[in-house]
Amino acid sequence: MAVLRPFDKLPMLNSAVLLLVGSDEEIQQKLAEAILQEKRNFNISIHLATSLPLPSERDHLRPRIDMVVFMIDIKSKYSLKNVETSLAHVDASFFLGKVCFLVTGVGRVNACSIETNAICKLADTYCSPLLFCELELEGIRAATAQRLLRMLKICAGHIPGVSALSFVLLMRSSNDD
Amino acid sequence: MDETVAEYIRRTVLKIPRDEIKMMLQKWGFLSEAQLQTLNFHQIKDNISQDVVQLCEENSAGIKQAAALDITYNHIYQNKRMWSVYRMKKSGEEVEYFDIADFKKKFKQILQSALKNVTITFKEYEDNAIWIRVAWGTPYKKPNQYKPSYVVYHSQTPYVFISASVLKSNLPLLCQALIVASNYHDIREMELRSHSLNSLKDIVFKRYSQNFDTYTPKPLQRENVEPENADIMIIHENRSEKERIHRLNQEFFGTGPQPKLEFAQYRLETMFRSDPKMNVLDKKEPFRCLVKFSSPHLLESLKSLAPAGVADAPLSPLLTCIPHKARNFFKIREKKCLLSESFVSP
């Protein structure tokens, strides 16, 4: 199927699935490994993709995706274009808290080629949280992995009383003041 | 020994890194092994060069020998100079026997009759390359040894590699001498320039690994019966896309190392196309623009763009055609037809 839908498959017991979408595969791999190193009490599976739609041959093997993280490299206009075209292949109901934008490469200030305004506008349009990080530094990579892991836990429904939608609304109201 | 020659030899020796001086002097072959043994290569370079000049004084070195040392230095450090490629054309189809002595005689004749004061030095190397060093003077001034031009000619080919000195006015005379001496009737500069002489040779002699149109059948799509291994926690969704990019890269760039170029320059003489309502230069006059790609190793970096996720594969043909069109300077003009797309001038 061409469009990614959040609730079209049954969830698996005690597990969560994360999908990372971004054009730089090396940095995706590093982030995925950092996430796997974090302590957790559930099974996790991380899918890495360069763009959407995902290849349809693997559809029947793929589990339900709990959270999608779009990775944008602030040094590459190509990665922003890639994410923008991929967004069209995500069902609207995903954006109720199950999508996050991750901007990488912010440590290299003199190599920025994307305006932060443009990305903030993108995140606002899609009502999703926006995180900035520099994945080439191990400490920040570990911190980002922890944040994403906690968000994934909420999106997969492992935290009773907190849903993905309520969490994202919490994050928004702290941004908008 | 002439003072200017002594100074020139001294300065040339100073250019050489200290660890390589002994090897360079041996390759030069002017000082005997016994003389080289007397030199102390562990002192500061200033002193080494003074000692070398002293020994050359004993052997009565002249400008010829000093020029030979310069050729040796530039042959080893050829990548410090910027080389341009020239192509010569024959008028008929006769395959003449190349006589090196005749070539040298004619070459010298032309330059010396025009300028009187030139220093011309020849050296042949194993790979059939003839290196020519020319120091330019005028009928009234002695040649300037510090700004020589270098020519590398492979006699079995119509290609000449020239590293001109700053004095560009002597270039036409140099070209004239080359065609007369080698029995060609025309010489033209190719749009190909680089620091790496070997890479230029690789490109024009077609010695790099090219993409031949061999049929590589796509691997059969295996049934996706992958064992559901619970240990595989990182799954790459776009493996077939990665393989496609790899295949395309191999098609365009071949599998071997690429020739080393430092830049590709595109001069645009196309019209600026904008919304006509904006009234900004739309199709009124050419938008003069120069696009230059620079890199320590341009072709390798182009090859790694798509795998690194920085560009789409396949790359624009304007970039991938660089080795087999043997050029890195391009002029892009408007295509004169209804579709008005740009095309590359031949």
Side-chain angles (χ1 to χ4, degrees), chain A residues 4 12 14-38 40 42-63 65 68 71-73 75-83 85-86 104-105 111 113, chain B residues 217-250 252-253 264 266 268 274 289 291-298 300-320:
Chain A
L4 213 56
M12 291 189 300
N14 203 29
S15 55
V17 178
L18 178 65
L19 172 66
L20 299 178
V21 180
S23 53
D24 188 346
E25 286 162 28
E26 247 187 76
I27 213 85
Q28 273 184 343
Q29 180 77 22
K30 279 194 192 157
L31 180 61
E33 286 164 9
I35 295 177
L36 290 176
Q37 281 180 348
E38 293 294 320
R40 61 188 183 276
F42 56 94
N43 298 327
I44 187 172
S45 142
I46 306 181
H47 292 240
L48 308 180
T50 45
S51 64
L52 296 176
L54 296 174
S56 49
E57 309 93 57
R58 299 184 50 90
D59 266 346
H60 60 286
L61 292 169
R62 208 177 294 123
I65 293 180
V68 183
M71 296 174 67
I72 301 172
D73 187 349
K75 308 188 295 283
S76 159
K77 283 204 175 84
Y78 178 76
S79 70
L80 180 61
K81 205 167 64 120
N82 185 33
V83 162
T85 44
S86 301
T104 65
S113 54
Chain B
K218 265 192 6 206
L220 288 172
Q221 301 277 32
R222 269 181 300 136
E223 266 269 315
N224 272 333
V225 197
E226 289 174 34
E228 278 306 307
N229 197 342
D231 289 335
I232 302 176
M233 289 185 283
I234 301 182
I235 296 156
H236 295 261
E237 294 282 343
N238 294 101
R239 202 173 294 140
S240 54
E241 175 69 9
K242 268 206 281 207
E243 283 167 11
R244 180 190 80 101
I245 291 178
H246 185 71
R247 227 179 346 108
L248 278 175
N249 251 8
Q250 288 213 328
F252 285 116
F253 291 100
Y266 299 84
L268 299 180
S274 69
C289 177
V291 179
K292 185 171 175 178
F293 293 88
S294 326
S295 162
H297 199 316
L298 183 73
E300 282 292 340
S301 53
L302 289 178
K303 190 175 172 183
S304 51
L305 279 181
V310 182
D312 280 325
L315 288 178
S316 157
L318 284 173
L319 292 170
T320 53

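Fair warning: this is a prediction, and the values are worked out from it, not measured in the lab. Lettering of chains follows the sequences in order, A, B, ..., and the numbering in each one begins at 1.
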> In terms of heavy-atom pairs under 4.5 Å, which option from A:E26, A:R62, A:E33 contacts chain B the most?
Replying inline: A:R62
> Under the side chain to side chain donor-acceptor pair (under 3.5 Å) rule, what pairs show up with a residue in residues 15-25 of chain A, not counting sequence neighbours?
Replying inline: A:E25-B:K242
> What residue pairs, at least two apart or across chains, pass side chain to side chain donor-acceptor pair (under 3.5 Å) with a residue in residues 45-54 of chain A?
Replying inline: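 Sorted pair list: A:S45-A:H47, A:H47-B:E237, A:T50-B:N238.
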>> Please classify the contact between A:Q28 and chain B as side chain, backbone, both or neither, with a heavy-atom cut-off of under 4.5 Å.
In response: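 For A:Q28, no heavy atom lies under 4.5 Å from chain B.
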> Can you tell me how far the CD atom of A:Q29 sits from the CD1 atom of B:I234, to the nearest 0.5 Å?
Replying inline: 4.5 Å
>> Looking at every heavy atom in both B:D312 and A:Y78, which two are closest together, and how far apart are they?
In response: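 Minimum heavy-atom contact is OD1-OH, 2.6 Å.
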> Should we say atom NZ of A:K75 is surrounded by more than 12 heavy atoms from elsewhere, each under 6.0 Å from it?
Replying inline: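 Atom NZ in A:K75 is packed in, count exceeds 12.
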